[in-house]
Amino acid sequence: MTSVDARLAELASAVAAPGSDPGRLVAVVAWLAAPRRGPTALRRAVVAAHERGEADPDGVGLDAVLPAAGPTDRELRAAHDVLERWASLRCRVVLVDDPAYPTRLRADWPDRDAPPLLVLRGDLASDRPAVALVGARRASGYGTGVASWLAEGAAAAGVRVVSGGAVGIDAAAHRAAVEQPGGTTVVLGCGHGIGYPRGHAQPGGLFDRVVASGGAVISEQFPDQRPRAGVVRARNRLVAALTDVTVVVEGGERSGALLTAGAAAERSREVLAVPGDVRAPGSAAPHRLLAEGVFPCLGPQQLLEQVRTAVHGVVGWSVAASTSASTSASTSPSGALDDGAPTLPGISPALSTLPDDVHAHLSTVWPRPLRPDDLATATGRPAPQVLAAITRAQVSGELTVDTDGVRLRRAPAGRQDRG
Amino acid sequence: MNGAHGCLATVHGVALVGLEPRPVRVEASMSPGLPGLRLVGLPDAAVREAGERVRTALQRRGFAWPSERLVVNLAPADLPKAGSTFDLPLAIAILVATRQLRLADGDQPWACGELGLDGTVRATVGQLPTTVGARDLGAPRLLVPDAAAPEAALVPDIEVVPVADLTEVAAVLSGERPPRAAVPAEVVDPAVGAELADVRGQAIARRAAEIAAAGGHHLLLSGPPGCGKTMLAHRLHALLPPLTFDGAQEVAALHSLAGERAPDDPLSRRPPLREPHHSVSMAGLVGGGAGVPRPGELALAHRGLLLMDELLETPRPVLDALRQPLERGEVVLNRAHARVRYPCRIQLVAATNPCPCGHLGSGGARTCTCRPDRIDRYRARLSGPLLDRLDLQLELRPVDRDALAGPPDGEPTAVVARRVAAVRELATDRWGAGTRNADVDAADVRRTCGPNVLSALADALETLGASARAFDRVLRVARTVADLDGADRIGRPHVDEALAYRLPDASVAA
Ligand SMILES: [Zn+2]
C-alpha cells in the first residue's frame with residue numbers, strides 16, 4: 001500500500017466490514033477492477049500461487065497474488081468508482097479472510113468456488129442454521145404456497161431462509177420468512193446497483209423489508225454487474241453453499257434449482273425435494289431429484305429435523321419458542337440444541353373469526369386451498385354467508401385468497417404434529 | 001312560384017338523425033322551360049338517384065312524366081337526408097304538382113317508403129322510429145309500405161295506411177278507395193329463458209348473476225376456457241325483467257334502424273342480448289357508416305345485455321371507447337352534418353381469461369405455464385376507469401364432472417327472476433322509475449347505510465389493499481345484496497359479501 005489518497009481511504013473504511021482492513025479492501029478491489037479480471041481470475045491466481053508454493057499454506061493466499069508495489073493509479077481510479085458506488089448503496093464488503101466471512105464458504109476457498117468477497121446490506125447472521133428454498137420464477141399457487149409454509153415454519157424456529165431475489169418461489173419464501181426470528185437472506189444474481197427485479201428492488205420493496213427486519217441482501221458482484229445467465233448460475237451455487245439444507249420446491253426440467261441442488265450435493269449438504277402434481281411442468285425438477293434418491297420434503301417439521309441433523313455439533317443453536325415468534329432478536333445461539341420439538345405458530349378455532357365448520361374444512365385441507373364454492377358445498381352454507389365469512393377472515397389476516405382459492409394463512413393449531 | 005300550368009305541392013316526410021326525427025318538406029312545382037327535373041336540397045347520392053327511380057316507377061304505373069320543367073325542393077336544405085325513404089313523398093308531390101292527383105281532403109299528406117322501378121312501395125330500415133317521429137311531429141296519418149305496416153302500426157296515436165304500389169297510393173289519396181287498416185305486429189312476452197339451475201356446483205356464480213340482474217350491475221367474469229362464462233351470461237340475461245311496451249318499442253326502433261329486424265317481426269319484450277366478437281371494430285361497437293351513422297352493438301344492446309368475451313383481447317382504443325357510453329348511457333357520434341345520439345343504457349358482462357395461457361386456477365388437468373410477472377402485466381390491462389365501472393367481479397373455475405352430472409343444486413330461473421323483479425320494484429320506489437341500484441349516485445347509496453358500515457368498508461379496503469375507487473362499487477353491490485335480503489339499511493354482512501366480488505390479487509409473487 002503506497003499511496004491511498006484520503007478520499008479512497010475514507011470510502012474504504014465506510015465500505016469495509018467490521019474487523020476488515022480498508023487498505024487490503026482497496027488492493028483487492030483494485031486488482032479485481034482491472035480488465036479481464038474478476039472473482040474467478042483471482043481465485044485461479046491464488047490456486048496457481050499455492051501450486052507454485054508461493055502462498056502461505058495456512059493463509060488465504062491473497063498476499064501472494066496482490067502486487068507488492070500496490071495498485072497502479074489506473075486501478076486505484078477504478079477501485080475508487082466501485083467503492084463509491086457501494087458506499088452510496090450503503091453496502092458493506094466482507095473479504096474472504098475477514099472474521100465476518102461465512103464459515104460455510106471458507107472451506108470452498110480457493111479450491112472450490114467461494115467468492116473472494118461478499119457485498120452485503122443488512123445482517124447475514126451466518127452462524128444461524130440456514131435452509132435454502134429454491135424454485136422457478138414461473139411458480140404455481142401450490143409452489144408458492146408450499147414455499148411460504150416451509151419458509152415461515154423454518155424462520156419461526158430461528159432458521160435463516162436463503163434464496164435468490166427472483167419472483168415466484170424465491171419471493172414467496174422471503175415474504176413468509178421476513179418478519180420471523182430466523183430472518184431471510186436474498187442472494188442477488190447481479191450487482192447491488194442494478195435494482196433487479198425492479199418490483200423487489202424499489203424503495204420500500206421486498207429487499208428493503210428484508211434488510212429492515214434483520215435479514216440480508218448479498219451479492220458477490222461489482223455494483224453494476226447485470227444479471228447475465230452465467231452470473232445467475234453462479235448465484236445458485238452460492239445459495240447452496242450458504243446453507244445446511246437445500247429444498248427444491250418447484251422447477252421445470254432445466255430449472256436453475258437443479259444447479260443449486262447439485263452445488264449442495266457437491267458440498268455434501270442435504271437436499272430435499274417437494275413432491276408436486278405429476279402433470280405439472282413445475283414438478284419436473286423436484287421429481288427428478290426424488291427419482292435420484294433425494295428425500296421428499298414433507299413439511300416444516302420434517303425440514304427442521306433435517307436442519308437439526310445437519311448442524312448438530314457444528315453450530316450451536318436453539319429453537320426459538322413458538323410463542324416469541326414476533327421479534328428477530330428472540331434467537332440467541334445458546335450453545336446447546338434444544339430437544340423440544342419446534343412448533344409453528346397457529347390459530348386455534350377459538351380465536352378464528354370463521355364459523356367452526358368453515359375453519360374445520362380449511363384446516364383439513366391445509367396448506368392446500370379450497371374454492372369458495374367447495375366450501376359452500378362442504379358446509380352446506382349458502383354462498384352469501386360463506387363469502388361474507390371469507391371477507392371478514394381476509395380482513396383479519398387469517399385467510400389468503402388467490403386464483404387457486406382460499407387458504408388459512410398459518411398452520412392450524414391441530415395440525416402441528418403433521419410432517 | 002305557382003306557374004300557369006301547375007301548382008305548388010307539399011308532401012311531408014321524416015328524416016332520422018339517430019333516433020331523433022326531423023321534418024322534411026318535399027315541395028314540387030312546374031315552371032315553363034325545357035323539360036327536366038331539378039332537385040334542390042339533396043346532398044345525398046341516394047336521394048339524387050331517387051329522381052330516376054321515381055320517374056321510371058311513375059311511367060310504369062301509367063302516369064305521365066311532365067313535358068315541362070319540374071322543380072323539387074327537399075327542405076330544410078342543411079339536413080342530411082339519407083336513404084330512399086323520400087321516394088314516395090317525391091312521387092306524390094310530382095303527381096299533385098302535375099295535377100295527375102287531386103287530394104281528397106286538400107291536406108298535405110305524410111308518407112315514407114322506397115319505390116321499386118315497377119312502381120311498388122318498398123320498406124326501408126327504421127320504419128318504427130320513422131313512424132314514432134311522424135306522430136311526434138304532428139302527422140295524423142302516415143302512408144307506409146305494405147310490408148312495413150305491422151311495425152308502423154305498433155305506434156299508437158297515428159293512423160297508419162299501408163300502400164302496396166303507386167296505383168293504390170293515388171286511389172287512396174284521391175278518395176277513390178278507402179284506406180286499408182294496418183295490422184300491428186304481435187307483442188310477445190319472453191318465455192322463460194336459459195335455466196339457471198343448469199349452472200351446477202357454482203353457487204357463487206349463480207348468486208352473482210342474481211345480484212347483477214337485480215341491481216343492473218356490470219359484471220366481470222374471469223376464468224379459464226370452458227368454465228361457463230358465456231353460459232352464466234345467458235342465465236343472467238334470462239333473469240332480466242321483461243321490457244315495458246315503450247322500452248320494447250325503443251329497442252325495436254334501434255334494431256330497425258340498424259336493419260337488424262324485419263318490419264313484420266313480432267315486438268319482443270325480452271331485453272336484447274348482444275355478443276360481439278372481440279375483434280369488433282370501433283364502428284361496429286359504437287356505430288358508424290356513411291351519411292347518418294347506424295347504431296352499433298352498444299345501442300343495439302340498449303336496455304339489455306352486452307357480452308364482451310375475451311375482453312383483454314379487445315384492442316385498447318375499442319375498450320376506451322366503451323367508457324363514456326357506459327357512464328352516460330348514450331353513444332354520441334359526431335359527423336360533419338350532425339351530432340347523432342343513440343341511447344345505450346346497457347348492462348355489460350365482460351369475460352376474460354385469468355392469464356395469457358388461460359389456465360391459471362383451473363386446478364385439474366391443465367396447469368398455468370405463465371410467468372407471474374406476465375400474469376401481473378396481463379391483469380394490469382384490466383385496471384383503470386373501465387374496471388371501476390364493473391361493480392361485480394367474479395373468478396370462475398371449471399366444475400368437475402361429478403357436479404355437472406349430478407342433480408341441480410340451485411334454484412330455477414323462474415324463482416330467482418321473481419326476486420330480481422322484486423328488487424327492481426324496490427329500486428323504482430326508492431330512486432324513481434327505471435333507476436336501478438347500479439345507476440344511482442354513490443352519495444345516495446351512502447345515505448342508506450347502517451351505523452359504522454362506511455368506516456368498516458373503508459378499513460376493509462385498506463387492509464385488503466384494494467383501490468379506494470372500489471368503495472362506491474362495493475357500496476352499490478351491497479345495496480342490492482341488502483335489497484335481496486329484504487333489509488332497508490345496508491349492514492356489515494351485506495358489505496362483507498359485496499367485498500368478496502372482486503378479483504383476487506394476480507399472484508402471490510407479485
Ligand atoms: Zn397462464
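Being a predicted model, the structure only gives us computed values, none of them experimental. Just so it is clear: chains get the letters A, B, ... in the order the sequence lines come, proteins before strands, and each one is counted from 1.
When heavy atoms are compared at a cutoff of 4.5 Å, A/Pro281 approaches chain B solely by way of its side chain, counted from C-beta outward.
Taken to the nearest 0.5 Å, the CD atom of A/Gln385 stands 12.0 Å off from the CG atom of B/Asp496. Going from atom CG of B/Leu396 over to atom CZ of A/Arg371 covers 10.5 Å, rounded to the nearest 0.5 Å.
Under the salt bridge (charged side-chain N to carboxylate O under 4.0 Å, His left out) criterion, B/Asp485 pairs with no residue at all, not counting sequence neighbours.
The greatest number of non-hydrogen atom pairs below 4.5 Å with chain A, out of B/Asp459, B/Asp409, B/Val495, B/Ile204, is found for B/Ile204. When each of A/Ile390, A/Leu387, A/Val386 is checked for heavy-atom pairs under 4.5 Å with chain B, A/Leu387 comes out on top.
Between A/Pro372 and B/Arg397, the shortest heavy-atom contact is CD-NH1, 3.6 Å.
Counting heavy atoms of neighbouring residues, nucleotides and ligands inside a 6.0 Å radius, atom CG of B/Asn452 does not exceed 12 of them. By the neighbour-count criterion of 12 heavy atoms within 6.0 Å, atom CZ of A/Arg288 is sparsely surrounded, having that number or fewer from other residues, nucleotides or ligands.
For the pair A/Asp373 (side chain) and B/Ala203 (backbone), a donor-acceptor distance under 3.5 Å is present.
Residue pairs meeting the salt bridge (Lys or Arg N to Asp or Glu O under 4.0 Å) criterion with at least one partner in residues 251-260 of chain A, sequence neighbours excluded, are absent.
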